[in-house]
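Here's the structure, in C-alpha cells; my notes come after.
Below, chain A is the first sequence line, B the second, and so on; all start at residue 1. All values below were derived from every heavy atom in this structure, side-chain atoms included, with hydrogens, water molecules and symmetry-related copies excluded. Keep in mind the model is a prediction, meaning the values are calculated, not measured.
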There are 2 protein chains.
Amino acid sequence: MRPHDIAEVRHLPLFRDMLKVSFEQLVQGAYAQTFPAGMELIRQGDPADFLHVVLEGSVELYANWENRLCTMAVVNPIGTFILAACIKDAPYLMSARTLERSRLLLVPASDLRAVFRRDPEFAVSTITELAGCYRAVVRHAKCLKLRNSRERIAAYLLKQSRNLGGIARFTLSVEKRLIASYLGMTPENLSRAIRTLDEVGVQVKGQQVTIIDMARLQAFVPPDPLIDGPDTGGATAGVSLPQGVAS
Amino acid sequence: MRPHDIAEVRHLPLFRDMLKVSFEQLVQGAYAQTFPAGMELIRQGDPADFLHVVLEGSVELYANWENRLCTMAVVNPIGTFILAACIKDAPYLMSARTLERSRLLLVPASDLRAVFRRDPEFAVSTITELAGCYRAVVRHAKCLKLRNSRERIAAYLLKQSRNLGGIARFTLSVEKRLIASYLGMTPENLSRAIRTLDEVGVQVKGQQVTIIDMARLQAFVPPDPLIDGPDTGGATAGVSLPQGVAS
DNA sequence: CGGCATGTTGATTCATCTCAAAGTCTGTGG
DNA sequence: CCACAGACTTTGAGATGAATCAACATGCCG
C-alpha cells in the first residue's frame, strides 16, 4: 500500500479521529488491490469479510431479486462501502462491481470490529458515518416514493449541478442506463423523460447536460435538503451519487 | 417514569449493555409522556432534540414533499426512532405521529451524544443499532425497486405471517391506507391488487387475512432474507413494520 | 341514529414497461 | 486508418400497470 493512499485514507471522516495505533492496526491487516472494469467485488448474500475503501476508480452497488436488478449507489474515491454488513457480521445486502479499473483498500471486518471496541474515537466516527449512510438511504427512499420519474430525473440533474458548484453545464459522470436503474426506471423511460424536460429548462445531448433555465427547473422540482441532501456548495467534487453507502 | 418502564427500556438492545451509571444518566434527563392518538410528535426538518422510545401504543413515521405524503415505517413497543438525527444533530428526515394513544420516553439528544462518548459499550450498541436501521431501509428500498405493487403486497402479508410464527390466519395490525402508503401505492390500488391475490392463495376480508395456500404464495414472491429481513421465528410478536428505524 | 373516515368498485386517464428496430458511440483488429 | 462488433442510446408502437376521479359501501364513534 502506497504512503499516499495511507495519508488519504487517514483523512477520511471515518478514520481521521482515531488513535494512531488503531489506524496502524487497521492498515496493517488491510491490503490494496487493483481490479479491472466490470469486476464483481462482492455478491449479495455472501458473508461480510472486508470493509471496502475506493481509492481510485468507481464502484457500483446493486441488488437483484428474481432476475431483476437495480443500482443502489455509485461509490467514488475516497468513499467506503458495506460498513454496516461488516459491523453486524451479516450477509451483504448488495453486490458490488467496478465500473472501471479501480483500486480498493480492503480492511478485514474482524479488525474493524475489534478496533472500535478499543478506540472510542473510532467508535464515534463509525456512529457518525453510519448515521450518515442511514440518512442517505432514507432520502433515496423518500425520493422514490414521493416523486415521479420525471421529477426524480430533474432532481438528479439539479443535484449533479449543485455538487459541481451550481454550474449550468456539465457532463454526466455515469452511463444513462445506470442512472435509470438508480432512479428506478427503465433506460427507455429515462431517455423519453429527459426529452420532455426541455419544457422546464433542461437540455441533454449525449452526456452533456445544459440547464437553460435554472429557476424554471428549480420551480419544477423544489430542491429539498431532506431528500436531495444538504447543499455541499460544490466542495465534494467528483461525487456522482450518495457518498457514504454501506450494507 | 415508572420502574416497570425503566426495566423494559434497560432491556432494549440499545441500552442493555451500557454501564449502569450511563443508563442512569440517560434516564435522569429523560421523561415519559402520554400522547393522544393522531398527535404530531416531530416534524420533518425540525432540529433533533430527543431520541424517542415507544413504550406503549404505536407511532407512524412519514415524510412529505410538495403536498404528497408517504408512510416510511411504524414503530411499536419497545422500539426507538430518530436515533440517526440525534447523533448527527441534524434535522429530522421524517415526521412522526401517534397512531393511537401512546406513551413515549424522550431522551435528550445531547445526553445521548455525551454518553456514548464516555461509555464504549453504549457506543458499540449504538453502532449495532444504527447498522440494523440502515439495513432495514436498504431492504425497504430494494423492495420498492425490485418488486411491483402486487409482489410487495404479497411479500408484506407473508412477512406479517412469518412474524407471527408462520400462522395462516391473522389480523392486519394497521389500516390499509397506511399499508398502501408504506408499500408505495394508492389505497385503491392496494384494494384491487389484494383482490387479485386470491389467485396465489391469499384471502383478505376486512382486516382478516387468510393464507389459503402458503406454498403458492411463497412461489409467487420467493421470500428473500436480503429484502424481507431475517426470519424472526415469530419471536418479535407485535411488530408490524421494520422495527429499528431512526432518522 | 347520524356523521365521518375508511374501504371498495368502476370508468377513465396517465405513466411506465415491454418489445422491436434503428441509430450512436467506442474500442479492437485488420 | 478504416471496418466492424458490441454495448449503449434513442425512437416507435403497443400493452400493462397504476393513479385519478367519482360513487357507493362499510364500519366506528359520539
Side-chain angles (χ1 to χ4, degrees), chain A residues 36-38 60 62 65-71 74 97-101 143-154 157 171-200 202-209 220-221, chain B residues 36-38 60 65-71 97-101 143-154 157 171-200 202-209 220-221:
Chain A
E60 175 193 9
Y62 61 101
W65 180 76
E66 289 289 301
N67 216 17
R68 274 165 255 179
L69 188 147
C70 74
T71 301
V74 171
R97 65 185 160 207
T98 54
L99 288 174
E100 58 193 308
R101 183 180 165 84
C143 186
L144 289 170
K145 291 173 91 164
L146 291 170
R147 290 169 172 165
N148 63 29
S149 58
R150 203 156 161 251
E151 291 163 340
R152 293 201 296 278
I153 298 167
L157 296 177
T171 304
L172 293 174
S173 56
V174 293
E175 288 175 345
K176 283 187 182 154
R177 58 197 303 278
L178 194 151
I179 297 175
S181 181
Y182 173 67
L183 295 178
M185 66 192 79
T186 60
E188 296 98 319
N189 191 22
L190 175 73
S191 183
R192 272 187 263 270
I194 279 181
R195 203 132 296 286
T196 72
L197 283 183
D198 59 354
E199 295 170 11
V200 291
V202 181
Q203 210 175 68
V204 181
K205 263 204 171 62
Q207 303 276 96
Q208 272 297 319
V209 178
F220 175 60
V221 266
Chain B
E60 174 192 9
W65 179 76
E66 288 290 302
N67 216 17
R68 274 166 255 180
L69 187 147
C70 73
T71 301
R97 65 185 160 206
T98 53
L99 288 174
E100 57 194 309
R101 183 180 165 83
C143 186
L144 288 169
K145 291 173 90 165
L146 290 170
R147 291 170 172 164
N148 62 31
S149 58
R150 204 156 159 251
E151 291 163 340
R152 293 201 296 277
I153 297 168
L157 296 177
T171 304
L172 293 175
S173 57
V174 294
E175 288 175 346
K176 282 188 184 155
R177 58 200 303 279
L178 193 152
I179 296 175
S181 180
Y182 173 68
L183 295 177
M185 65 192 78
T186 60
E188 295 98 319
N189 191 22
L190 176 74
S191 182
R192 270 187 264 270
I194 280 181
R195 204 132 297 286
T196 73
L197 283 182
D198 59 355
E199 296 170 13
V200 292
V202 181
Q203 209 175 70
V204 180
K205 262 203 171 62
Q207 302 275 95
Q208 271 298 318
V209 179
F220 176 61
V221 265

Over its full length, what angle do the end axes of the helix from C:dC1-D:dG30 to C:dG30-D:dC1 make, each axis taken from five pairs and the result rounded to 10 degrees? 30°

What string of B, S and - do you get for nucleotides 5-10 of chain D 5' to 3' if you count protein non-hydrogen atoms under 4.0 Å? ---SSS

Which parts of nucleotides 24-30 of chain D does protein reach within less than 4.0 Å, heavy atoms only, written one letter per nucleotide 5' to 3' as B for base, S for sugar-phosphate only and - for none? -------

For B:Q208, check side-chain contact (heavy atoms from CB on, under 4.5 Å) against everything at least two apart and list the hits. B:R169, B:T171

Whole-Å distance separating the CG atom of B:L99 from the P atom of C:dT6: 11 Å

Any non-hydrogen side-chain atom of A:Y62 less than 4.5 Å from a side-chain atom of A:L178? no

Take atom CG of B:L172 and atom C1' of C:dT6, then tell me their distance rounded to the nearest Å. 13 Å

NZ of A:K145 versus C1' of D:dA18: gap in Å, rounded? 16 Å

Partners of B:E100 by side-chain contact (heavy atoms from CB on, under 4.5 Å), sequence neighbours excluded? B:S58, B:S102

Are B:E66 and A:V221 close enough that some pair of their side-chain heavy atoms sits under 4.5 Å apart? no

How close do A:Q207 and A:V174 get, counting heavy atoms only, and between which atoms? NE2-O, 4.1 Å

Under the rule for side-chain contact (heavy atoms from CB on, under 4.5 Å), what residues qualify as partners of A:S191, not counting sequence neighbours? none

Under a 4.5 Å cut-off applied to non-hydrogen side-chain atoms, are A:I153 and A:V202 in contact? no

Restricting to pairs with a member in residues 186-200 of chain B, which pass salt bridge (charged side-chain N to carboxylate O under 4.0 Å, His left out), not counting sequence neighbours? B:R150-B:E199

In sequence, state the C-alpha distance, the side-chain angles, and the governing distance for A:K176 and A:V204, and then conclude on side chain to side chain contact (heavy atoms under 4.5 Å, CB included). CA-CA 11 Å; A:K176 283 187 182 154; A:V204 181; 4.0 Å; yes

Every protein N/O lying under 3.5 Å from an N/O of nucleotides 14-16 of chain C:
unit_1: C:dT16; atom_1: OP1; unit_2: A:S149; atom_2: N; d: 3.2
unit_1: C:dT16; atom_1: OP1; unit_2: A:S149; atom_2: OG; d: 3.3
unit_1: C:dT16; atom_1: OP2; unit_2: A:S149; atom_2: OG; d: 2.8

A:R192 (side chain) and D:dG12 (base): donor-acceptor pair under 3.5 Å: yes

Can you list the residues that meet the side-chain contact (heavy atoms from CB on, under 4.5 Å) rule with B:R152, with sequence neighbours excluded? B:C143, B:L144, B:R147, B:S149, B:L183, B:M185

Please identify each residue that fulfils side chain to side chain donor-acceptor pair (under 3.5 Å) with A:E175, with sequence neighbours left out. none

Which heavy atom in B:C70 sits nearest to a heavy atom in B:S181, and how many Å separate them? CA-OG, 3.2 Å

Under the salt bridge (Lys or Arg N to Asp or Glu O under 4.0 Å) test, which residues partner B:R68, sequence neighbours left out? A:E151

Using whole Å, report how far CD of B:Q208 lies from P of C:dT8. 13 Å

